[in-house]
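Structure, as structure tokens:
All chains are named by letter (A, B, ...) in the order of the sequence lines, taking the proteins before the strands, and each is independently numbered beginning at 1.
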2 protein chains.
Amino acid sequence: MAVTLADVAARARVSAATVSRVLSGNYPVAESTRARVLRAVDELEYVVNGPASALAAATSDLVGVLVNDIADPFFGIIAGAVQSEMGAPIGAPGRGGEKLAVICSTGGSPERELRYLTLLQRQRAAAVVLTGSAAEQPDHAAAVATKVSRLAASGTRVVLCGRPPLEDAVTLAFDNRGGARRLTEHLVTLGHRRIGYVAGPAERTTTRHRLEGHRAALAGAGLDGDAERLTVHGLYDRPSGYDATLELLRRDSGLTAIVAANDTIALGVCAALRDRGRRIPEDVSVAGFDDLPFSADAVPSLTTVRLPLHEAGIRAGRLALGREPQPPGGVAMVRGELMARSSTTPPPRG
Amino acid sequence: MAVTLADVAARARVSAATVSRVLSGNYPVAESTRARVLRAVDELEYVVNGPASALAAATSDLVGVLVNDIADPFFGIIAGAVQSEMGAPIGAPGRGGEKLAVICSTGGSPERELRYLTLLQRQRAAAVVLTGSAAEQPDHAAAVATKVSRLAASGTRVVLCGRPPLEDAVTLAFDNRGGARRLTEHLVTLGHRRIGYVAGPAERTTTRHRLEGHRAALAGAGLDGDAERLTVHGLYDRPSGYDATLELLRRDSGLTAIVAANDTIALGVCAALRDRGRRIPEDVSVAGFDDLPFSADAVPSLTTVRLPLHEAGIRAGRLALGREPQPPGGVAMVRGELMARSSTTPPPRG
DNA sequence: CTGTTAGCGCGTTCAT
DNA sequence: ATGAACGCGCTAACAG
């Protein structure tokens, strides 16, 4: 029913193989026949059959991108950047290098993560990029590691972006621990002594690393006695930040600063503080993490740790396509930069 | 090299056809052999070859989702919702109904939109969901319409979400015009007479419809004399809102309200007003559109028009899979709801 | 440079 | 209920 290679070949009075060669452009073809073929393609409005092509060539032009939540700009920025690298390579005239990025939103569920991985394996994806924090439950972690190895074994390149290294995969790790430490050190330097922390969901690598960095800074200042009591876990969203702040205030109404595990949580922290009549930063300083676009515009502008998400996504995309050499040891660390803005200031006196 | 159907068949001592039938589950197979086959599948860690399957069955389990910018939560929310509908249908035990959503970020470029459409056509996608505003240049619009017809003709279901109807496609249109009109009417009712408007990029349907709604409200109040002069176009982003506001202030420093074409622009509007020493809303009222998650949390909370993006995405996904009956005439209108919040108030006296 | 040949792995008749 | 055989549309040898 649809137009096939054979139809084009017939119309151009050449063999199917020749048409195939013209289209993939990776083989010498006489200019005259080439033109004839292209004209036939045009006239017949022929479009290659992807599945057939993938089957015969044993390669697919699909690249999977797994994210926890595509509605969260953190992942949107990374995913968009990865996809922007999927076009045809610079010097390739043919429609050869066009890859299609498949963005999959797992909702943070390890089961769905594995399901998507299987789906991509079924599609024989050329590469897979796993972004964001990984679940730390031993069984899930093992299952993902196994799946990754299997994908790698079957020729799918696997890139990890913002999650801890794994065998058989190239990794772009975010320095969550270091960034978090510098952020809390900044507060300590300002003079804060009673600092609350709103963490993300437990059992996630990013949550743990950021919390560890925070604790390290506290320990360095001899302030870690209360750390456990002044930490509340929640999701990486605004309502969690709001609720956690109320809880923190209940536990210690004399807090002079609250650090949130990310910027979105920080938004909720600010809202709760305002509802409780605390001024930011005069009464309570607030800090986030990630430096999402809205953070610089918040009122007051949010002190946070800038992660180069776009750049990381670009790099992840290039690594996935093998257009960039792997970092030594297969692991590169992406540093975060402290952005000290208006939401943090020395604590009120008295 | 990889495990194939034949390998599984050999191990289970049945024919490849039987294995195929067990896996697709749409054919009677004896329980005993069924169990044997499934065990073999498990032991061999067999994963169906998607391309081969798609070729033989002439159907694909890919669904394309085109968005202007996946880093923008507006699209992230829609895309995430569409994808959440792609799982196996409720009563289907087999791995049959699993669809893979391919989210493609076009950057608002009509060329890339067409390229993605071709890529999806090449993959023989089961469906395509086009979201967000469409370019209005006649040639581009025609090219997209043609491509859509061609996709539809080849059996790909096409769903339009948040863009104007097209032949051969089911449409979920947003009532941008009506929402914008009610929003500006709200300002007029509050007493505003000099209202600036920061529009999105020209030549886009959403931009035009929202602007038309705004103008209609002005005209209804006899305020449309200055409308042209008090409108500035930009992109749908924060910097554009910032710059446009400075320009508007230059054109009329006595503005008492500024309406932005979306919430993100409104963020920039607020920043610029503050930098110019204007209080919001005491000196100048500000309004946005979309009601993205951050808008309720802004300080002051943003008056805007709520679009049920998540619900619309869910519906678009169901329509794409044919799981929901088409609306009468193939077009359904999604209304926006005015959310009057703290960023709008009566104009200052004098 | 071009045509011929032979699969790629699976779904689907048609028999049995 | 199961197996044998064919073909989906394309690419990759191999000739020439």
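In this structure, the CZ atom of B:R13 is 15 Å from the C1' atom of D:dG3, given to the nearest Å. Per the geometry, CG belonging to B:N26 stands 15 Å off P belonging to C:dC10, to the nearest Å. In this structure, the CG atom of A:L5 is 13 Å from the C1' atom of D:dA12, given to the nearest Å. Here the C1' atom of nucleotide D:dC8 and the CZ atom of B:R124 are 11 Å apart, to the nearest Å. Following rounding to the nearest Å, B:R122 (CZ) and D:dG9 (C1') show an atom-to-atom distance of 14 Å. Here D:dG9 presents its C1' atom at 14 Å from CD of B:Q123, a figure rounded to the nearest Å.
The shortest distance between the side-chain N/O atoms of B:S53 and the OP1/OP2 oxygens of C:dG11 is below 4.0 Å. Look at A:S20 and you'll find a side-chain N or O under 4.0 angstrom from OP1 or OP2 of D:dT11. Contact check, A:T18 against C:dG3: a side-chain N or O comes under 4.0 Å of OP1 or OP2.
A donor-acceptor contact under 3.5 Å is formed by the side chain of A:R21 with the base of C:dG3.
Taking the side chain of A:L55 as heavy atoms from C-beta on, and the options C:dC8, C:dG11, D:dC10, the nearest nucleotide is C:dC8. Minimum atom distance to the side chain of B:A52 is reached by C:dC10, of the listed C:dC10, D:dT11, D:dG3.
Between B:F74 and B:V67, every side-chain heavy-atom pair lies at or beyond the 4.5 Å cut-off. Counting only heavy atoms from C-beta outward, the side chains of B:L114 and B:K147 approach each other to under 4.5 Å.
In summary, of the residues considered (B:K99, B:R318, B:R315), a side chain to side chain donor-acceptor pair (under 3.5 Å) with B:E85 occurs for B:R318 alone.
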Intermediate values then yes/no, side chain to side chain contact (heavy atoms under 4.5 Å, CB included), A:N68 and A:F75:
CA-CA 7 Å; A:N68 282 350; A:F75 293 104; 3.5 Å; yes
| said: For a side chain to side chain contact (heavy atoms under 4.5 Å, CB included) check, start with the C-alpha distance between A:V331 and A:L160, then their side-chain angles and the critical distance, and finish with the verdict. | reply: CA-CA 9 Å; A:V331 181; A:L160 271 25; over 6 Å; no
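For the segment residues 27-51 of chain A, residues with any heavy atom less than 4.0 angstrom from an atom of DNA chain C are, sorted by number, A:Y27, A:P28, A:V29, A:A30, A:T33.
Residue order along DNA chain C, read from the 5' end via each residue's closest nucleotide, puts A:A16 first among A:A16 and B:A57.
Ion pairing of B:R115 with A:E98 is present here, as a side-chain N (NZ or NE/NH1/NH2) and a carboxylate O approach within less than 4.0 Å.
A donor-acceptor pair shorter than 3.5 Å can be found between the side chains of A:S15 and A:T18.
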